Structures are given as structure tokens and as C-alpha cells.
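Beneath this line is the structure, given in C-alpha cells, with notes to follow.
We count residues from 1, following the sequence as given. All values reported here derive from a predicted model rather than from experimental measurement. Just follow the structure's listing: the first ligand is 1, and inside any ligand the first atom is 1.
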Amino acid sequence: MRILAIESSCDESAVAVLDEQQGLLAHELWSQVDLHRLYGGVVPELASRDHVRRLLPLVRAALEGAATSPGQLQGVAYTAGPGLVGALLCGAALARSLAHGWRLPAIGIHHLEGHLLAPLLESPAPTFPHLALLVSGGHTMLVEALALGDYRLLGETRDDAAGEAFDKSAKLLGLPYPGGPQLAELAGQGRPGACPLPRPMLDRPGYEFSFSGLKTAVLLAVRAQPLDAQRRADIARGVQDAVVDVLCARTLRAVAATGHRQLVVAGGVGANRELRARLQREMAARGGQVFFPRPEFCTDNAAMIAVAGLLRLKAGERPGAGSEVRARWPLAELRPPLP
Ligand code: KG4
Ligand code: ZN
């Protein structure tokens, strides 16, 4: 089976072609960050208009890169939510039109299921069941992935997501949008312990997270002393250490309580080198294994949507004719594929 997949839930337009036997044949991505930087965040209407411009050329490029004609495809997958409604509709309308013209099934995929399944593109790949830490710009959650489509939420953030904590702190440090990766870069020059920041919820039971207090602490730290280069790096280091500490502590608690030996880390913040190194070390010390997507597949991409689409179509799921997209869509509402 070979399928084409389209991702357009936020500010990345992406298209991929995935083959069951040969693996990923092509993946194309257009990032809109330059478009939104001026406004310090994603402007939904601008995002939609850009998806309209970019998606079809990306489809052509992906098919060409994969040396694939529409006749060789068995399905089209697209992100159906959660995300920006206008942006989602661009991908959904294109995917369903192409599938209709090519007489193929079109399958709507949950964006977070895509993130969770992205490590299946790597080798070795995790198997079910496993524990997953999903850390993106919009979500921070610990999930037990029992089977394809069977996800049990252990806990999530009460307020800001981990990626948001990175981005908002970066903004306070004067770094351009989206600041997460740049804050991580700057943290490399910071001194450990020079700017201690709170670790919210660390001593509470359960698996919830809270990161909104961190930006207030960062604001106070920014104002407390003149911001020379070393001070900025120290604050960046403090932010990264606080977020990584909290994510690791909660995750390792869930590992201990559930007994899973496989941990998946997915979503944009999963590209963070410190987080990767720390979890790798801690899981190895416990005789477990941690699975990450390669950094480019931690952030939004269509390869992960292709994985979810391929697995569901292969399992016999036959989507209906509707073309709803959903801005909000709890992961726990997903079900295993139904023929
Ligand atoms: O998964 P993603 O691409 O988009 C959502 O679905 O939200 O995640 C984007 C988030 C942003 O907040 C970005 O700052 C963060 O991931 N991010 C990072 C790094 N790379 C991306 N945060 C920390 N360190 C990084 N290296
Ligand atoms: Zn995402």
C-alpha cells in the first residue's frame, strides 16, 4: 500500500508519500514562520491563505520526488484536527478533492495521533503498548498508547504547553518568534544554577503539568538585573533546566507506576537536545528504551500523518463521505480502526 498525506493544521504546509514496503518515499514542507514573525505569533487567516498557495505545488513535488503517479496510490490522508479550522479546511478540501478525482479513500487523521506514531518511521521502532510523552506548542500530555487508536490520557497541562513555555520565555528574552529552538541554543552558553526558576507541580502527586508560572518568573528575572549577554544565556539555561526537570520527573514517575519499558517522546519539544539526552540516560538506567522521531519529524510534518493514515487504511478503516474538521478534538475520543 502507498499513500499520500497532507498536513496543514497550523503554520506548516506539508505533503508526504509513504509506502508500506519501501518506507518514506518523499516529504515536502513549507514553513510559514517568516510570514507570521512580524506579528509575533500565527495569524490564522494568513495561515489559511498561504496553505491555499503552497499545498498543491507541494503535492506535485512530493509525487515527483517519490516517482509516483496517482494510479500507484491506495489512499490520501489529511489532518482533520485539532488545529486552526481555516488551515485544516485547506488541507482537508484538497485531500478529499484529489481522492475523489483519483477514486481513492480519503482518511482524516488526528494531528496528535500523527505525532505519537512518528517514531514508527525510525528503526528500531516502538511496539504497543508503550508510554508516550507528547510535548508540542499546543499540548503537553502523558499518554498510555495501548494499541493503534487506543490512547489513555494519564495527565496533561493545566495551562501553558511546554513549547509555549519555551516560546513565551524566548519572547521575554527578546528572541524572534518562534523562540523555542533559539532559547535552547542560547541555553548552551548559560551557567547551570545561575538563574534558578520554579519547577511547578514537581512535588504534587499525579501526572499534571503547569507552566504558566514560569513566564512570570522569567519576566521578574529579566527585570531584576541589566540584561547582558551572559545574563540572557543564564536565564535561558534556567528555563530549559526547569522545563526539562519537570517533564522528566513526571514522565519517570509514570514509567515507574505503569511499568512500561518503552517510552515514546514526540512533538516539537521532543527535538530539544537536553530533554532527549536526559530521558535517554534515565530510561537506560531503568533497563528501558526511549524512542524519538528524528528532530525534523518532531515538529509538524506530513510523514507522521502518512504513518497514521497507512496503518488505519491497512487495518481496513473505510472513512465516510463527511469532511468535518475539528478545531478541538480530545485524543481519548479516538478509537481503533474499524473496517
Ligand atoms: O509539534 P509542533 O511543531 O507544533 C505543534 O503541534 O504545536 O511544536 C512546536 C513547538 C514550539 O513551541 C517550538 O518552540 C518547540 O516546539 N520546539 C522546541 C525545540 N524545537 C521546537 N522547544 C525546545 N527546544 C527545541 N529544540
Ligand atoms: Zn504538532
Give the atoms of ligand 1, by number and element, whose distance to some non-hydrogen atom of [X] is under 4.0 Å.
X      : value
Gly163 : 12 (O)
His115 : 1 (O), 6 (O)
Gly138 : 7 (O)

Would you check the N or O atoms of [X], main chain and side chain alike, for any that come under 3.5 Å of an N or O of ligand 1?
X      : value
Asp167 : yes
Phe166 : no
Glu12  : no
Gly137 : yes
Asn272 : yes
Gly268 : yes

Next on the checklist: Under the rule for side-chain hydrogen bond (donor to acceptor under 3.5 Å, both in side chains), what residues qualify as partners of Thr216, not counting sequence neighbours?
Outcome noted: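 With sequence neighbours excluded, Thr216 shows a side-chain hydrogen bond (donor to acceptor under 3.5 Å, both in side chains) to no residue whatsoever.
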Checklist entry - With a 4.0 Å cut-off on heavy atoms, does Pro181 reach ligand 1? => result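 True for this residue.
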Item to check | Closest candidate by heavy atom, reference atom 6 (O) of ligand 1, pool Val135, Asn301, Asp300 | outcome: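 Heavy atom nearest to atom 6 (O) of ligand 1 belongs to Asp300.
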Residues, nucleotides or ligands: over 12 heavy atoms within 6.0 Å of [X] [atom1]:
X      : atom1 : answer
Trp329 : CH2   : yes
Arg294 : CZ    : yes
Gln230 : CD    : yes
Arg273 : CZ    : no

Checklist entry - In terms of hydrophobic clustering (I, L, V, M, F, W, Y; side-chain heavy atoms under 4.5 Å; direct or indirect links), are Val222 and Val243 co-clustered? => result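 Val222 and Val243: one cluster.
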Checklist entry - Can you say whether the rings of Phe297 and His27 are parallel (under 30°), tilted (30 to 60°) or perpendicular (over 60°)? => result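 Perpendicular, since the angle between the ring planes exceeds 60°.
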Checklist entry - In terms of ring plane angle, is the pair His130 and Phe128 parallel, tilted or perpendicular, where the classes change at 30° and 60°? => result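 Rings of His130 and Phe128: parallel, as their planes differ by under 30°.
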Next on the checklist: Among Leu116, Val143, Leu154, Thr251, which residue satisfies the side chain to side chain contact (heavy atoms under 4.5 Å, CB included) criterion with Leu133?
Outcome noted: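 Answer to the side chain to side chain contact (heavy atoms under 4.5 Å, CB included) test with Leu133 among Leu116, Val143, Leu154, Thr251: Thr251.
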Checklist entry - Looking at side-chain heavy atoms only, is the closest gap between Glu12 and Ser31 below 4.5 Å? => result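 Heavy-atom side-chain distance check passes, below 4.5 Å.
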Item to check | Side-chain touch Val255/Met283, heavy atoms, less than 4.5 angstrom | outcome: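 Val255 vs Met283: side chains touch.
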Item to check | Asp34 and Arg37 ion-paired at < 4.0 Å | outcome: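 Salt bridge flag = yes for Arg37 with Asp34.
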Next on the checklist: Checking contacts here: is it the side chain or the backbone of His111 that comes within 4.0 Å of ligand 1, counting heavy atoms only? Could be both or neither.
Outcome noted: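 The answer is the side chain.
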Item to check | Metal environment of the Zn ion (ligand 2), protein N/O/S under 2.8 Å | outcome: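 Near the Zn ion (ligand 2), below 2.8 Å, one finds His111 NE2, His115 NE2, Asp300 OD1.
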